[in-house]
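None of the values given here were measured: they were computed from a predicted structure. Note that these values count all heavy atoms, side chains included, but never hydrogens, waters or copies made by symmetry.
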Amino acid sequence: MANPFEKVFKFPFKFNLNEIPNPETKICIVSIFGKGRLNPFCSKATLFNSLINKEVFQGTEGFIKDEVEEGNIECYYDAETRVMFLHLLSFYDTNLLAKKCQDLGHSASAQELYKLCHDDDLKHAKTLLLLFNLSHIIVLCHPGTTFDLSYLKLFHILDNIRSKIQSGFIETLANIPGVSKDWANFGRVCTPRMLFVFENPAIDIQTEDGDTGSAKMLKKFPPMRKLQIRIEDMIFPILRKTRAITNISNNSLFSLPFNQPYVYLCAKKNEVNDPVDFLMNQMRQNCFPVQEADPQTAAQKPKPYSCSRRKQNPLVPDSLPQSSSSSLPTMSSASANKLLGPTSLKTQDQCFKEFIWQHVEMVFSKSVNDNVGRHGIDPIFELPNLATWLNVANSMHSYYLSESQDSGTSQMFSTLKNLLDISMRFSENRCNKVLPLAESAYQQDLPPFYITSYHLSRVNKAKRVFIQYARGPAFDKHMAELEASCERFWKAGRQQCEALSLTGNLCTNKVHYLPSEVPADADDKKPVCEHSSLVRTMAACNCGKIQAEKDDPFDHKSANYEFYRELESDCCGWLEHIRFPVFTPTTPDAKAASMPSTSSPEQPPPQTQESSTKDTEKTDAFSTLSELSLALSLGQLVLQATELDPKISQIDEVREATQTQEAELPLSDESELKNVNRISTEEQSIKSKTPPSRQHSTTEYLPYMIHTKSPPGLLPLFSSFSLCRLGASALYSHMNGLELPGFLAGSNFLLPWDIPVKSEPEKWPSVSETFGGGKKRQQRKLSKSNIETTEAMTSVRIYLGMEYECPRGHRFFCSGPDKVIKVSSNSIVKDNAGRLTQMDMPLYTPCHCKQPKGCMSQMMRVYIVTPRDTPNCPGVRVLINPSIQPGPPPCPLFHPGLDSPLELPPDGVWVLRLPHIYQDESSIYLMPTDHQELHKCYVQTGMFNHRILQ
């Protein structure tokens, strides 16, 4: 069975306590804690190597490198001396702190480093409580020669917590076998004796050369001993006056011996900083020949390797410092008296061994009594056996350092945490004082309710006040509390609705529910109302006869449909309308269609020529059929292209026959109108027999406006366009213009569009032709008849107008891009409609109203005066096909959803109302803020066309 004590082990002990050798051996426990220097090859516990006569305790680069991450106490049991050595590792060891900082890297914040150090301080304090309860002797190691006064605060905190926690551990300690009653009631083996070791003092002593036999080595270092006494005289009154030690040692955290030295100074010594160079020096020392030694020296036994490491070879130049160890054998009382007699030459390690061993011997003799005064109480002292102590150490480690603790112990350790962190307590008090000031800065001069951006600006103001006065590690915690407090204050009835209108204005109401929404919580007392931005504009109805205030719209339905529908009851509800295609559901569970990702729009070519006849109709029919999706055409009859050809040819045949009959028979006005109506009726009846060019869905609707990227076969719930008839064409007077409200002076006139047509002359005979005679009259008759039979050219006049409307209600017509109509003094329009039919008209243009900052107007209506049919003149039909691009590319083209241009009936004043807001599935197209982009928003040419009836 392997001996578990052959190497360093750690808390908690994981080996079987029943298998340890000599479990009944009485042991002495010596612990060391404090601060270590930056040296990866040695630690503060390296001093114990001289007591053990082995290289057991090494630095963080030694074999304990992996153990450091798991436990913070190194343990080693020396069976020969019966001493248990404990070494406390913490961030007070510079090696460990530097290693941890390297692991954190440069990305770690100051708060993370503070939390790391604070957690280690708490763990360090808990482990010190464990050591003070388990040890007989405690060594405080500190670099330098000055006593660190920060230990006074730590000792007072540990003493206070120990007295409160001790009662909770008595029951657990009494149930452990081998624990005496005094030990269980006292909670620790004894009041540990504190020893102080100061490393690297400023005073350098003589060379440690035991072979020279010089007189200097025979001295007892009076200067060094004198310095030790002076330090003792300094430490004792400090600890006494701060009540860290008292007359009765049982009531103190630790004690000091009053008749023995308790301060040891380690002089400058040579240590190994680089093991490679050290081994090179050893090789040189062994390979180079040395001078013959003295007989007295040669008679001595060869020194062990550990002793050779501490000696500097004078034959090798530039030798490196070497580590400390010991060549002394195991320390027993007899061997100690022999080696440490007055005739021996003492090295520094031997002096430290003598310093420690005098206290260890008193522990084994149970003669430790550090009470002061004549009426002192006998100190409680326990010399435990090995097995019992290991069992108690495991239980205490679990009690102090485990995460599962009872409420009382957890509360005590919380108190310990607060007592240790003075910076946190100061910061907490400071931040608690500043926090109300910051909250007052936030609440000062607040409106009744406000939006998030204003809330955040006030939070930033409160933060600036807090940052100005708050300090310390509690800063982040109280900063979060300040933000949460401001958030609660804002949401307690002061939160404003942040819905944006389509024009970018905020709703000015409190947070509310819409009438169509149902509150999820019955106790929710938010108001129910519509959105309102308190922004209103002047707008005319569909026909343009009346104007009313229009609320800022929050959806395209209220912008393009609901406002105008409400005005129809007072104005244009009785007018003749042409309805654009909309969604007609066949099931009650109709839903909005899911929109796929749209691709770049393919704009159709403008139809500006009269050649858009049956060839174009065939092409449109075929392209429309190819776009039909399978889902929309299931269960519906779709004619093939071979079935469409006879229908289209039938239309052409009927049209040619009608033209032939019209040329042969002179008709009166009334009969001609009937004939035209008959032609139109026959043509429409034939076209009605042909299948529609697009099959529309009756279960899914389009949730936005129709445009060139919209999926085929889907229609919206409502149309954003409107087309109505104001009256007969005689309603418009070219001398007075349109008498509608809101038009600027002289800008209410439509532009004439003359269409040349071929007219037929009248064939009534004259009087001379009826009663005259003779050869000359017959010749004149023949020549006149030849002239009259030739066809004469005439023109049919159509009036067009594109109305622009600004938010203030001003209206005007434009004769071209950014050109307002001008009339002469006698109300004669100087321009014609040529630009309107042949150019792209801008969607936005500056308004000519007298405003300081100017105002932009938007094209809202298109007026068309269709001519009435007259005798001896072919009829002219006006075709419209509106297509609007409201934004820069890749903005799609918006249209009312017509498969082909719409033919307007004759003899009427028609008003086409355009949408106010243009919206697709991804964005809302408003007027560009950059005026350089305005020319990219336009009404596409090809909106107007005509057809001449033959």
Side-chain angles (χ1 to χ4, degrees), residues 446-458 487 489-542 546-570 582-583 591-592 595 701-705 716-722 805-809 844 855-856 858 860 886-887 894 913-929:
L446 283 177
F449 43 89
Y450 43 94
I451 60 176
T452 303
S453 58
Y454 187 79
H455 160 71
L456 294 178
S457 65
R458 298 306 294 261
E487 188 84 9
F489 185 83
W490 175 48
K491 292 185 177 180
R494 298 172 180 84
Q495 193 173 3
Q496 181 178 335
C497 177
E498 298 188 37
L500 280 174
S501 69
L502 298 183
T503 57
N505 299 313
L506 282 169
C507 177
T508 57
N509 297 327
K510 286 185 178 181
V511 174
H512 60 90
Y513 290 107
L514 293 174
S516 59
E517 296 178 348
V518 178
D521 189 1
D523 298 333
D524 196 349
K525 297 182 180 180
K526 293 180 182 178
V528 179
C529 60
E530 294 286 351
H531 293 302
S532 175
S533 64
L534 298 182
V535 176
R536 292 186 175 183
T537 58
M538 290 297 295
C541 62
N542 283 330
I546 62 174
Q547 287 183 305
E549 289 186 347
K550 183 178 182 180
D551 291 330
D552 195 12
F554 283 81
D555 55 76
H556 79 283
K557 183 177 182 180
S558 61
N560 299 332
Y561 179 73
E562 291 182 348
F563 170 77
Y564 302 101
R565 186 186 61 178
E566 293 174 358
L567 293 180
E568 280 188 352
S569 59
D570 299 332
V582 293
F583 173 72
K591 62 180 181 178
M595 295 298 104
Y701 60 87
L702 196 66
Y704 51 87
M705 299 172 61
L717 290 174
F718 57 91
S719 177
S720 298
F721 294 78
S722 173
E805 185 178 30
C806 77
R808 301 181 182 274
Y844 304 100
C855 188
M856 296 298 294
Q858 178 181 345
M860 288 301 302
F894 288 83
R913 195 259 307 159
L914 302 181
H916 179 206
I917 296 295
Y918 297 86
Q919 181 180 5
D920 62 7
E921 69 277 10
S922 60
S923 60
I924 300 171
Y925 298 97
L926 302 176
M927 182 180 67
T929 56

Legend entry - Under 3.5 Å side-chain donor-acceptor pair for His531 and His512: yes
Inset, instruction - Please name the pair of heavy atoms, one in Ser532 and one in Phe554, separated by the smallest distance, quoted to 0.1 Å. - result: N-CE1, 3.8 Å
Legend entry - Flag side-chain contact, heavy atom, 4.5 Å: Pro915 against Phe894: no
Inset, instruction - First locate atom CD1 of Ile924, then atom CE of Met705, and finally report the distance between them rounded to the nearest 0.5 Å. - result: 11.5 Å
Legend entry - Close side-chain approach of Glu530 and Pro515, heavy atoms under 4.5 Å: yes
Inset, instruction - Decide yes or no for Leu446 and Tyr454: does some side-chain heavy atom of the first lie under 4.5 Å from some side-chain heavy atom of the second? - result: yes
Inset, instruction - Would you check if Cys529 and Asn509 make a side-chain contact, meaning some heavy-atom pair closer than 4.5 Å? - result: yes
Legend entry - Spacing of CE belonging to Met860 relative to CG belonging to Leu914, to within rounding of 0.5 Å: 7.0 Å
Legend entry - Atom pair NZ (Lys557) and CG (Leu502), whose distance is rounded to the nearest 0.5 Å: 14.0 Å
Legend entry - Residues Asn505 and Ser533: side-chain donor-acceptor under 3.5 angstrom: no
Legend entry - Gap separating the CD1 atom of Ile917 from the CD atom of Gln858, nearest 0.5 angstrom: 7.0 Å
Legend entry - Parallel, tilted or perpendicular: ring planes of Tyr450 versus Trp490, cut at 30 and 60 degrees: parallel
Inset, instruction - Report yes if the side chains of Gln547 and Glu805 come closer than 4.5 Å at any heavy-atom pair, otherwise no. - result: yes
Legend entry - Straight-line distance of Arg565 CZ to Ser722 OG, nearest 0.5 Å: 13.0 Å
Inset, instruction - Examine the side chains of Tyr704 and Glu921 and answer whether a donor and an acceptor come within less than 3.5 Å of each other. - result: yes
Inset, instruction - To the nearest 0.5 Å, tell me how far Phe721 CZ sits from Tyr564 OH. - result: 12.0 Å
Inset, instruction - Report yes if some heavy atom in the side chain of His556 is under 4.5 Å from a heavy atom in the side chain of Phe718; otherwise report no. - result: yes
Inset, instruction - Compare all side-chain heavy atoms of Glu549 with those of Met538 and state whether any distance is below 4.5 angstrom. - result: yes
Legend entry - Within-4.5 Å side-chain heavy-atom neighbours: Thr503 and Val535: no
Inset, instruction - Taking atom types as modelled, find out whether Asn560 and Tyr918 have a side-chain donor-acceptor pair closer than 3.5 angstrom. - result: no
